[in-house]
Amino acid sequence: MPTPRILMCPPDFYGIEYEINPWMSRSRGSTPERAHAQWRGLHDTLVKLGVQVELLTPQPGLPDLVFTANAGLVFGQRFFSSRFRHEVRARESPCFDAWFAGHGFTVEHLPDGMFFEGAGDALFCGPTLFAGYRIRSDAASHQHLGKTLNRLVLPLELVDRRFYHLDTCFCPVVPGRAIYFPEAFDHYGQRVLETHIDKLLPVVEAEAARFACNAVVVGKTVIVNAGSERLAADLRGWGFDVIFLELDEFIKAGGSAKCLTLRLDGEDAAAWDVG
Ligand code: ARG
């Protein structure tokens with residue numbers, strides 16, 4: 001297996017400073033020490049698994065910069081920068097663009113007037129790009145990417161506001177296998193997933209609400225937010241090791257393990273044969 005590379009951003013300025021999804025509550029807030037310890041746990045776990053973790057410098061005034069999954073879509077050496085729906089997050093883009101430009105990527109921007117939130121809503125499973133739309137990204141942005149990259153794009157409408165990004169309700173594991181929360185999709189979307197993915201592992205609502213689908217896959221190991229025993233048993237049945245991490249400080253902002261990471265070896269990651 002080639003060394004996986006992942007981009008993370010330390011939570012120095014993380015906090016709940018606005019409310020742009022149903023998980024966020026300014027009055028509840030987050031506890032900085034706990035958030036730091038949880039983030040460090042994820043970082044160190046990835047390093048132990050042999051991941052090369054790259055770090056983006058945190059910036060004051062950008063509390064959600066920790067969620068690097070939303071920076072954009074990585075495809076080979078091309079970086080397609082997000083066009084965030086909310087202005088509070090759009091301010092992150094110059095930081096992400098500068099990092100990618102400084103690390104050998106070609107930074108590309110989608111046409112004006114279409115929203116796109118990166119690997120939060122666009123995930124390869126094998127050669128196919130599965131793309132969540134409506135709540136954050138627009139279907140037009142994914143069609144644009146499909147044409148540009150010459151890849152099949154399967155648009156999936158997200159129908160439950162709690163699962164506002166595709167990576168909160170769908171997780172490719174290896175080509176032909178994925179985890180999902182069926183009720184986050186309409187019937188058409190469920191059919192699309194069933195038709196295009198051989199083995200789909202459904203998670204129950206209680207586990208989906210603990211961000212079970214927001215998992216990070218590294219080879220034969222899956223890192224999952226604590227509290228998803230049924231999913232873990234199913235994944236072990238598939239021959240994967242499961243590592244539970246408590247990341248509830250980040251659930252307060254609507255994210256967990258996957259949102260805190262961005263694969264830099266993008267499309268290759270989805271095409272690996274780890275069998
Ligand atoms: N508070 C952030 C937002 O609402 C959380 C982003 C989580 N990221 C993800 N890829 N699901 O945009």
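Both counts, for ligands and for their atoms, begin at 1 and track the order of listing. Predicted model, so just to flag it, every value in this text is computed and none were measured.
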Glu205 with Arg162: basic N within carboxylate O range, under 4.0 Å: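 Counted as a salt bridge, because a side-chain N and a carboxylate O are separated by less than 4.0 Å.
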So that I can tick it off, tell me whether Lys252 and Glu249 are bridged by a salt bridge, with the cut-off set at under 4.0 angstrom between side-chain N and carboxylate O.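 Result for this pair is yes, salt bridge flagged.
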Report the distance from atom SG of Cys171 to atom CG of Leu201, rounding to the nearest 0.5 Å.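 Answer rounded to 0.5 Å: 10.0 Å.
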Heavy atoms only, cut-off 4.0 Å: how does [X] contact ligand 1, side chain, backbone, both, or neither?
X      : answer
Arg136 : side chain
His86  : neither
Met24  : side chain

Give the atoms of ligand 1, by number and element, whose distance to some non-hydrogen atom of [X] is under 4.0 Å.
X      : result
Arg89  : 2 (C), 3 (C), 6 (C), 12 (O)
Cys259 : 7 (C), 8 (N), 9 (C), 10 (N), 11 (N)
Gly120 : 10 (N)
Ile20  : 3 (C), 4 (O), 12 (O)
Asp64  : 1 (N), 2 (C), 3 (C)
Asn70  : 6 (C), 7 (C), 8 (N), 9 (C), 10 (N)

Taking only non-hydrogen atoms of Tyr164, do any sit less than 4.0 angstrom from ligand 1?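 Judged by the 4.0 Å heavy-atom criterion, Tyr164 does count as contacting ligand 1.
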Among side-chain atoms of His103 and Glu54, is any donor-acceptor pair under 3.5 angstrom?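 On atom types as modelled, these side chains do not qualify, holding no pair under 3.5 Å.
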Do Asp97 and Ser81 have side-chain atoms, one donor and one acceptor, less than 3.5 Å apart?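 Their side chains do contain a donor-acceptor pair, which is all the 3.5 Å distance test asks for.
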Between Phe250 and Tyr14, ring centroids under 6.0 Å: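 Here the rings of Tyr14 and Phe250 have centres that are less than 6.0 Å from each other.
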